[in-house]
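Numbering starts at 1 and runs along the sequence shown.
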Amino acid sequence: SNASRRCSAPPVQLPPASRSAAAAPETMSAKEISSVRCFDGFLKRYEHTSPACGGCTMKFAVYTPDGAKDAKLPVVFWLSGLTCTDENFSQKAGAFECASQLRLVLVMPDTSPRGDDVPDEDPKTYDFGAGAGFYLNATTDKYKKHYNMYDYVTKELRDIIMKEFPVLPDKVGITGHSMGGHGALTIALKNPGMYKSVSAFSPIVHPMEVPWGQKALPLYLGDDKEAWKQYDAVELVKGYTGPPMRFLIDQGTSDNFLKEQLRPELFEKACADKGIMLTLRMQEGHDHSYYFISTYIKDHLKYHAAQLTGLVRWCPDAGKEPAASVYSDPAGAKAPETAGKEIECLAAVAFEPKKPLSLVKVKVGPPQKGEVRIKHHSVALCHTDAYTLDGLDPEGLFPSILGHEASGVVESVGEGVTDFAPGDHVIPCYQAYCGCCKFCKRPDINLCTSVRAFTGKGVMAGDGKPRFTYEGKPIYHFMGTSSFSEYGVVHQQSIAKIRRDAPLEKVCLLGCGISTGWGAVWNTAKVERGATAAVFGIGAVGLSVIEGLVKAGASKIIAVDLLPSKLELAKKWGATDVINPKELPEGKTATSEIVAMTEFGVDYSFDCTGNVQVMRSALECSARGWGVSVVIGVAAAGQEIATRPFQLVTGRTWKGTAFGGWKSKPQVPMLVDLYMGGELKIDEYITHKMEFSKINEAVDLLHKGECLRCVLTF
């Protein structure tokens, strides 16, 4: 029985909450009324006297993973819907296993004040009063003393949670269902920046225009419709001026209340008109019940964890990209004078392998159907560019314009392009995303086939020709990006639109290297907390693997490199141990040393060198039975990997990753958001900055191993 698993505890003294309508006493107590062990954590219920709700007794529940014993954790508030208490979610949603794995604290308040002296309508109805507080502050005489759920959630309860529970005050998310979804949306919109992640199930988005709201709002707030707008998500979106927001909403298509009470299309239009990021998923056949919530709650928690921790393991479904207005100029696009015309500009052309790049004036044709022309702002050097220039790339074509870690601004678009407009800030992505092919539709796979047959040949899909010419002769594209040119033309599948306040001279790095390292850990290997890992090759990619491992909670991170300076960087990034193979005693190898350090090998290993012998070492230092080794580095043309079959027979897995598994168009903007929120590093990887005209000097620095990333600006 539940009773046998509960334990009693003395009252916990909690601090007062600030209250706009009434002064709180100096102290108030919250009594723990139950405690249940659940999925490596505890679900506890509390009750306390609430000044915000007129002195009535309020109950709330908190699920705390065991990880909170060692460190404070992010927290997500769940707001329930009509007729619910704090217990409905706990008993029906099935959220706690996922919350424990993601190390999220969950807080579940009641939906209204309760008690004999709390007023209600006569006769009592399910959609007003007790169980239906609508997460607002009432202003009518009858209800203003008790019905202040907005203050309760945003001030009083928040203060209790922040002061008495192991949570991070700047890592707070909010979500809810139906009336609670309305509460989550309106509370987040009314408090810009307070909630880092926001989602909802079947929310009431426009209460002013639906029966539930038209009944509740005048009773709580009076007849002034301007006051109603302060608790209406659609109206709040129209007037929103805060920092960029992202919403996730799931709505069942078989919901009995969909057409009359919920009307998510109104919120969708408001967000599109305002340029606010919304992922609205209409889930076929689902109703309004907790069966629906339990189906998708894990995905919502992954969504919240991505924004609260920086560990991204969530992606919008294929075909669920945001409106074209998101991140675009709110004043509207204006075609430049150069639109539709050929542009002459500076480019660094690789005319032949193993020769310096030539700085020449090339001509860039206008974008054709399905194409976008970009004015590059910044470009970073990646080892893949140098590898191709050295003639080691089996797909390397000459003459060509290299470069694939860049940022820029859309200059013009071709026929049929609706997702991009002149002035949009973008990152070219060599790993395309169409959202339609079988690879885009498959979770965790990013090997889009929409334009791959053409990018591998250095041409555009529209006519099979390049858009670059020099002295009347064609110059091939490279990886579908060709960023070593002031202007370039890409397929619309090969760019990601990003927020306009992100520094282009920094986020250019997200086009390849460091994104690849993070993704190799989170998407490809799916490293779990407490795992052990080894990283071979400590350049920018290797360091980003270490950063990803730290965020994933790896307990031991062994860095392997031949340069002491790189190993020092590895320790700075979070490596727990370092190995320089040149300094090992005779007869010992990095592989044998790692196996000895970890007893049978590491859980995960990563090759960031492109050296096939190192790839073998990385595999063979992984644990038999479950070890996973991920190949990130690109080997030279004609190279093959080898190992004894017994290494695989005994349970090791060899995997590879391209761009870290990221689905470029939907997920690169998320990485930008996380960088802007301080969750991910970029600045630390940039060791050199130069004018684009000094690109050959930058290539020399890369070859000498003297820089992590050199950013060139036009």
Side-chain angles (χ1 to χ4, degrees), residues 347-350 353 356-357 376-397 400-408 427-432 455 477-485 488 490 494-496 504-520 537-545 547 566 606-611 631-636 656-660 662 664 668 671 681-690 692 694-714:
V349 179
L357 298 169
H376 292 119
H377 179 281
S378 299
V379 61
L381 287 183
C382 175
H383 280 280
T384 304
D385 301 312
Y387 156 90
T388 303
L389 185 60
D390 289 341
L392 302 175
D393 185 350
E395 287 191 350
L397 298 171
S400 65
I401 294 176
L402 305 176
H404 64 288
E405 276 192 14
S407 61
I427 293 177
C429 299
Y430 76 88
Q431 204 64 54
T455 59
H477 297 255
F478 173 70
M479 296 179 70
T481 52
S482 290
S483 305
F484 290 172
S485 175
V490 299
S494 298
I495 48 174
L504 294 175
E505 70 277 8
K506 295 178 181 178
V507 296
C508 59
L509 268 65
L510 297 177
C512 181
I514 60 175
S515 301
T516 299
W518 299 329
I538 311 302
V541 175
L543 289 172
S544 65
V545 169
E547 183 183 358
K566 295 293 183 70
F606 301 85
D607 166 70
C608 309
T609 68
N611 183 307
V631 175
I632 303 174
V634 180
T657 189
F659 193 45
W662 298 115
S664 54
V668 167
L671 297 179
K681 296 179 181 178
I682 292 181
D683 302 44
E684 294 86 344
Y685 293 93
I686 301 172
T687 54
H688 295 75
K689 301 175 184 178
M690 295 182 178
F692 181 73
K694 296 182 178 180
I695 188 169
N696 283 310
E697 294 180 34
V699 173
D700 290 339
L701 286 172
L702 198 66
H703 277 303
K704 293 175 182 177
E706 294 179 1
C707 76
L708 295 177
R709 278 296 185 267
C710 178
V711 174
L712 306 163
T713 52
F714 289 91

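With a 4.5 Å cut-off on side-chain heavy atoms, Leu381 and Phe484 count as touching. With a 4.5 Å cut-off on side-chain heavy atoms, Leu510 and Trp662 do not count as touching. Counting heavy atoms from C-beta on, the side chains of Glu405 and Arg709 come closer than 4.5 Å. A heavy-atom distance below 4.5 Å is not found between the side chains of Pro428 and Met479.
With Tyr430 contributing its side chain and Gly403 its backbone, the two residues share no donor-acceptor pair below 3.5 Å. Side-chain N or O atoms of Ser400 include none that pairs as donor or acceptor with a backbone N or O of Phe478 at under 3.5 Å. Side-chain atoms of Thr388 come within 3.5 Å of backbone atoms of Thr384 as a donor-acceptor pair (strictly under, hydrogens ignored). Although no hydrogens or angles enter the test, the distance criterion places no donor-acceptor pair under 3.5 Å between the side chain of Thr609 and the main chain of Gly537.
A side-chain contact (heavy atoms from CB on, under 4.5 Å) with Leu509 holds for exactly one of Leu671, Ile427, Ile682; it is Ile682.
Here the closest non-hydrogen pair linking Ser664 and Gln431 is OG-O, 2.7 Å. Smallest separation of non-hydrogen atoms from Gly513 and Val541: O-CG2, 3.7 Å. Shortest non-hydrogen contact noted between Thr713 and Ser378 is CG2-OG, 3.3 Å. Across every non-hydrogen atom of Lys566 and Gly539, the tightest pair is NZ-CA, 4.4 Å. For Gly480 against Val490, the heavy-atom pair with the smallest separation is O-CG1, 3.5 Å. Nearest heavy atom pair, residue Ile514 against residue Ala540, reads CG2-O, 4.0 Å.
Taking CG from Leu702 and CG from Asp385, the interatomic distance works out to 8.5 Å, rounded to the nearest 0.5 Å. In this structure, Ile632 CD1 and Thr657 OG1 are separated by 6.5 Å, a value rounded to the nearest 0.5 Å. With rounding to the nearest 0.5 angstrom, the CG atom of Leu712 is 11.0 Å from the OG atom of Ser483. Atom OG of Ser485 is separated from atom CD1 of Ile401 by 4.5 Å, given to the nearest 0.5 angstrom. Atom NE2 in His703 sits 10.5 Å away from atom CG in Leu701 (nearest 0.5 Å). Distance check: Phe692 CZ to His377 NE2 gives 14.0 Å after rounding to the nearest 0.5 Å.
Between Glu505 and Lys689 no salt bridge is recorded (no basic side-chain N to carboxylate O distance below 4.0 Å).
By the salt bridge (Lys or Arg N to Asp or Glu O under 4.0 Å) test, Lys506 is found to be paired with Asp683, residues two or more places apart in sequence or in another chain being considered.
Under a cut-off of 6.0 angstrom, the local environment of NZ in Lys694 is sparse, with at most 12 non-hydrogen atoms contributed by other residues, nucleotides or ligands.
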